[in-house]
There are 2 protein chains.
Amino acid sequence: MVNEQEFLAGYDPRAYPAVAVTVDVVALTIRDNELQVLLIQRAAPPFAGFWALPGGFVRPEEDLGVAARREFAEETGLGGEPLRRVHFEQLASYGTPERDPRMRIFSIAYLAFAPDLPEPTAGSDAGDAQWLALTALPTRELAFDHRKIIEDGIERARSKLEYTPLATRFVGEEFTIADLRAVYETVWGHPLHAGNFHRKVLSVPGLVEGTGATTEHGGPRGGPRARLYRAGDARLLHPALLRPAREETVR
Amino acid sequence: MVNEQEFLAGYDPRAYPAVAVTVDVVALTIRDNELQVLLIQRAAPPFAGFWALPGGFVRPEEDLGVAARREFAEETGLGGEPLRRVHFEQLASYGTPERDPRMRIFSIAYLAFAPDLPEPTAGSDAGDAQWLALTALPTRELAFDHRKIIEDGIERARSKLEYTPLATRFVGEEFTIADLRAVYETVWGHPLHAGNFHRKVLSVPGLVEGTGATTEHGGPRGGPRARLYRAGDARLLHPALLRPAREETVR
DNA sequence: AGGGTTATTCTCAGCTTGAGTTATTCTTAG
DNA sequence: CTAAGAATAACTCAAGCTGAGAATAACCCT
């Protein structure tokens, strides 16, 4: 047994089997009223033909968050202002020795939240990138431990909706309370009481601020014009917008 | 620009400058009514004489969590059942290119919560390991980005007390409600209403379960014998035990 | 013009919270 | 031995928040 000092001082890590560090991005968006995740189809082994998260090696002088944004941008063709509206945060790291059959690869996963984006095929250099609905995920063959990473990302997203204004990242610059409610219902996967949600959203300080304007028309199936809102300046929601407790998740 | 498949398939990462992956452990405990963190004093450059988190390289066939536990055990001399009572969880990863002057080192930080432990000098192989009160931290010179890592760990601990039974990890097997309250007050850094805390702890399902026994004596300055409790089987607290909102943290 | 749909506002009971109080048990100082 | 001080545990009460349901009004479509 040696301690850190001796280890760092007396040992050349280059003598170790090489390791590599990648970033993988769990990019979530809402399309067609479904939560969708960005996947690319692998062309080469291992896991050729399997679907995988966008990601790749961190470059020598590159910061982790920068690498995650770069990988996301490469696959989606997104840049400039639209890219700035996408929220990135570090999710977790994965480093089981056998997670990649070629060598020891540590992956630092990032979570990205984007408003409704176009199919990524146009303008990107990824031959086979696509948004996939979460409901279609169980039947897909996923590479490496990416299924686990996606599950972790979804759980993070669900809980972050509770106590941060993250939901506003899934909608456009201006939105209605119903738009916001649709985000919560989609991510949490069950319907909410429209009246109570409305009351709650307006009562939490800094969640949304009114623009004074309304939608041009009512909804496609009727109803009055809805008021438009912008994201407020809160970074945490107090009191939080809690999802209904499910007994199973507690124990 | 190449995508992940081409990159992984066509590029030998060994041609890159070598990178290394370490784990660092933010181990928190409560001693003398203060939140304390485990630090070791570096003997060799860089940052010789500075204090640092226990940590070291992840071994070739070693899982991340295992590496974190190993590093913690090496510094504290802890093993067996006492070590099993320590809670470990992954905190975050740090990989800024210039965070270590020698080479590109990615660090995956873990957070550990332990009940009152002895000074780590006895039985460990770390010449200069010690528990340091958080209040003494600002005047210490810390190596690398370890100050930032500790801050992230503390914030994580504070918020995990709210919605998990983590506080029971800072006390012994059996404890009184007052013991538990002391944990919350110490970690959150401000006093709580004893009566309300008592009511709340007993009303959250699965947080604690009574043992039927009481303490042998009353408190050192008087008061009746307190009932003893054990940790319950809840993994999440519903409803959560929220810390009083501080306006500054919200925006 | 009328039926169905939706945004927004109300009502109301039940629950939780913050703050304060009370009864009781125990330690310590005198 | 006794009184003062301290802490546990239980209780009260007002205020705020939640879930459920309903009312109102604006708007789409046929």
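Order of the sequence lines fixes the chain letters, A, B, ..., with proteins taken first and strands second; residue numbering starts at 1 for each chain. Because the structure is predicted, anything quoted here is derived from the model rather than measured.
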### Task
Describe the nucleic acid contact of A:A178 in one word from base, sugar-phosphate, nothing, applying a heavy-atom distance below 4.0 Å.
sugar-phosphate

### Message
What's B:P220 touching, base or sugar-phosphate or nothing? Going by heavy atoms closer than 4.0 Å.
### Response
sugar-phosphate

### Query
Base, sugar-phosphate alone, or nothing: which one does B:G218 contact when heavy atoms must sit under 4.0 Å apart?
sugar-phosphate

### Query
Between D:dC13 atom P and B:R199 atom CZ, what is the distance in whole Å?
14 Å

### Query
Under 4.0 Å: is that the gap between some side-chain N or O of A:R227 and OP1 or OP2 of C:dT9?
yes

### Summary
Atom CG of B:N196 and atom P of C:dG20 are separated, to the nearest Å, by 10 Å

### Query
Are B:E81 and B:R85 within salt-bridge range, i.e. N to O under 4.0 Å?
no

### Task
Whole angstrom is fine here: how far is it from NE2 in B:H198 over to C1' in C:dT16?
18 Å

### Query
Just checking, any donor-acceptor pair under 3.5 angstrom between side chains of A:Y94 and A:D152?
yes

### Sidechain N-carboxylate O distance under 4.0 Å for B:R147, B:E151
no

### Task
Please confirm whether B:Y110 and B:F72 have ring centers closer than 6.0 angstrom.
no

#### Entry: Candidates D:dC28, C:dA19, C:dT6 - which lies nearest the side chain of A:H217
D:dC28

### Query
How close or far is atom C1' of C:dT25 from atom CZ of B:R225, stated in whole angstroms?
10 Å

### Task
Report the residue (B:P239 or B:R221) whose heavy-atom-nearest nucleotide on DNA chain C is the more 5′ of the two.
B:P239

### Message
I'd like to know whether the aromatic ring centres of B:F175 and B:Y229 sit less than 6.0 Å apart in this structure.
### Response
no

### Query
Between B:F175 (CZ) and D:dT8 (P), how many Å, whole number?
14 Å

### Toward the 5' end of DNA chain D, by each residue's nearest nucleotide, B:G219 or B:H193
B:G219

#### Entry: Integer-rounded Å distance: C:dT17 C1' and B:R243 CZ
18 Å

#### Entry: A:L202, nearest nucleotide to its side chain (from D:dC28, D:dA6, C:dT9)
C:dT9

### Task
Could you check how far NZ of A:K200 sits from C1' of C:dA7, rounded to whole Å?
20 Å

### Query
What's the CZ-C1' distance between B:R181 and D:dA9, to the nearest Å?
11 Å

## Note on the structure
Among C:dT25, D:dA20, D:dC28, the one nearest any side-chain atom of B:P224 is C:dT25

